[in-house]
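First the structure, in the form of structure tokens, and then the observations on it.
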Amino acid sequence: MEIKTGKSKSQALTVLRAKDSFRFACHSGLACFTRCCRGITIFLTPYDILRMKNALGITSTSFLKEYTVSFIGDSGLPVVFLKMGDDADESCPFVTSQGCTIYPHRPWSCRIYPLQPESTKITEKTDREYYSIMDIPFCLGLAENKTSTVADWKESQGIAIYREMEIFFKKIMMSPHLSGKKITNKKIQDMFYMACYDLDRFRRFVFESKFLKLFEVNLKTTEKIKCDEVELYKFAMRWLEYGLLGQHELKVKPGVMKRQKQELGIE
Ligand code: SF4
Ligand code: SF4
């Protein structure tokens with residue numbers, strides 16, 4: 001079993017597997033407490049947004065407006081980041097001197113720290129996970145004596161559900177169908193943004209447009225996506241697989257008018 005302190009560059013760059021250990025403990029007694037919640041870039045996944053907006057008791061539309069910024073990435077698809085405050089430290093909107101106010105629902109990247117996934121084409125293909133320790137000079141937690149294995153750390157931080165949800169999103173982002181392409185169609189960009197990040201708007205899209213008249217969606221699925229947001233998210237990813245990747249994840253009802261398809265932005 002390997003133990004890393006994360007304090008030296010050579011160690012920080014060592015790749016860790018599930019059974020390897022590293023030194024780290026974060027607590028309010030450290031002089032650096034909450035310093036890492038300021039002046040940082042936090043990429044948000046669809047599941048991060050689902051959890052955070054529910055923790056705040058607001059809609060995804062309001063959450064996106066108030067707490068995020070988005071950019072068009074290299075692929076032409078929108079990416080979403082947490083909007084830092086306009087104070088001198090650029091503080092996260094959820095940090096206080098006592099810590100994170102949404103701690104049980106904090107985003108994936110706040111949970112996994114100080115681990116950093118090391119992703120290569122081989123690890124993606126084989127679904128194996130490797131990590132390194134992030135080398136953050138001001139983080140005193142990296143010099144604490146407590147050790148954890150990578151596997152135990154992930155378990156203690158509730159990473160499993162985030163990884164499970166990420167698989168649906170990654171299936172789209174890593175699709176060979178999109179490889180080397182740049183999407184410039186604004187309607188497609190908006191469809192992607194809605195399905196991935198604005199789940200409350202996607203729900204209205206499904207239930208308040210002609211969507212259910214156009215697609216064959218059985219009653220069981222309809223009921224599930226009506227009351228279970230995780231199921232709605234998975235359904236949104238199926239919709240993207242259909243609309244973006246051209247995969248037959250959803251079936252159009254026979255005899256559907258071309259105009260209806262156009263209204264739903266799939267033609
Ligand atoms: S120990 Fe590291 S993670 Fe914890 S508050 Fe300090 S800088 Fe942040
Ligand atoms: S979400 Fe919480 S843990 Fe993450 S940066 Fe903000 S305050 Fe810190």
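Indexing begins at 1, ligand by ligand and atom by atom, following the structure's order.
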### Query
Do you see a donor-acceptor pair shorter than 3.5 Å between the side chains of E231 and Y233?
no
### Query
Is C92 close enough to atom 6 (Fe) of ligand 2 to have an N, O or S atom under 2.8 Å?
yes
Give the atoms of ligand 2, by number and element, whose distance to some non-hydrogen atom of [X] is under 4.0 Å.
X: I42; answer: 5 (S)
X: V95; answer: 7 (S)
X: P107; answer: 1 (S)
X: F94; answer: 7 (S)

#### Entry: Shortest protein contact, atom 4 (Fe) of ligand 2 (heavy atom only)
C110 SG, 2.3 Å
### Query
What is the closest protein heavy atom to atom 8 (Fe) of ligand 2, and at what distance does it sit?
C37 SG, 2.3 Å
### Summary
Note: T101, heavy atoms under 4.0 Å from ligand 2, region reported as neither
### Query
Are F215 and W239 close enough that their ring centres sit under 6.0 Å apart?
yes
### Message
Is the distance from the ring center of F205 to that of F211 below 6.0 Å?
### Response
yes
### Query
With the threshold set at 4.0 Å, does a side-chain nitrogen-carboxylate oxygen contact exist between R23 and E144?
no
#### Entry: E166 with R163: basic N within carboxylate O range, under 4.0 Å
no
### Message
Tell me the closest heavy-atom pair linking L240 and F192, and the distance in Å.
### Response
CD1-CD1, 3.7 Å
### Minimum heavy-atom distance R111-P104, with the two atoms named
NH2-O, 2.7 Å
### Message
In terms of relative ring orientation, are F43 and F81 parallel, tilted or perpendicular, with 30° and 60° separating the classes?
### Response
perpendicular
### Query
Would you find more than 12 non-hydrogen atoms of other residues, nucleotides or ligands less than 6.0 Å from K253 atom NZ?
yes
### Task
Check the pair Y242, R238 against side chain to side chain donor-acceptor pair (under 3.5 Å), reporting the backbone distance first and the verdict last.
CA-CA 6 Å; Y242 175 86; R238 280 176 63 199; over 6 Å; no
### Query
Near atom 2 (Fe) of ligand 1, which protein N/O/S atoms are found at less than 2.8 Å?
C139 SG
### Task
Run the numbers for me: atoms of ligand 1, each under 4.0 Å from some heavy atom of T34, listed by number.
5 (S)
### Task
With sequence neighbours excluded, tell me which residues meet salt bridge (Lys or Arg N to Asp or Glu O under 4.0 Å) with E229.
K53, R203
### Message
Can you tell me if, anywhere in C100, an N/O/S atom lies at a distance from atom 2 (Fe) of ligand 2 that is smaller than 2.8 Å?
### Response
yes
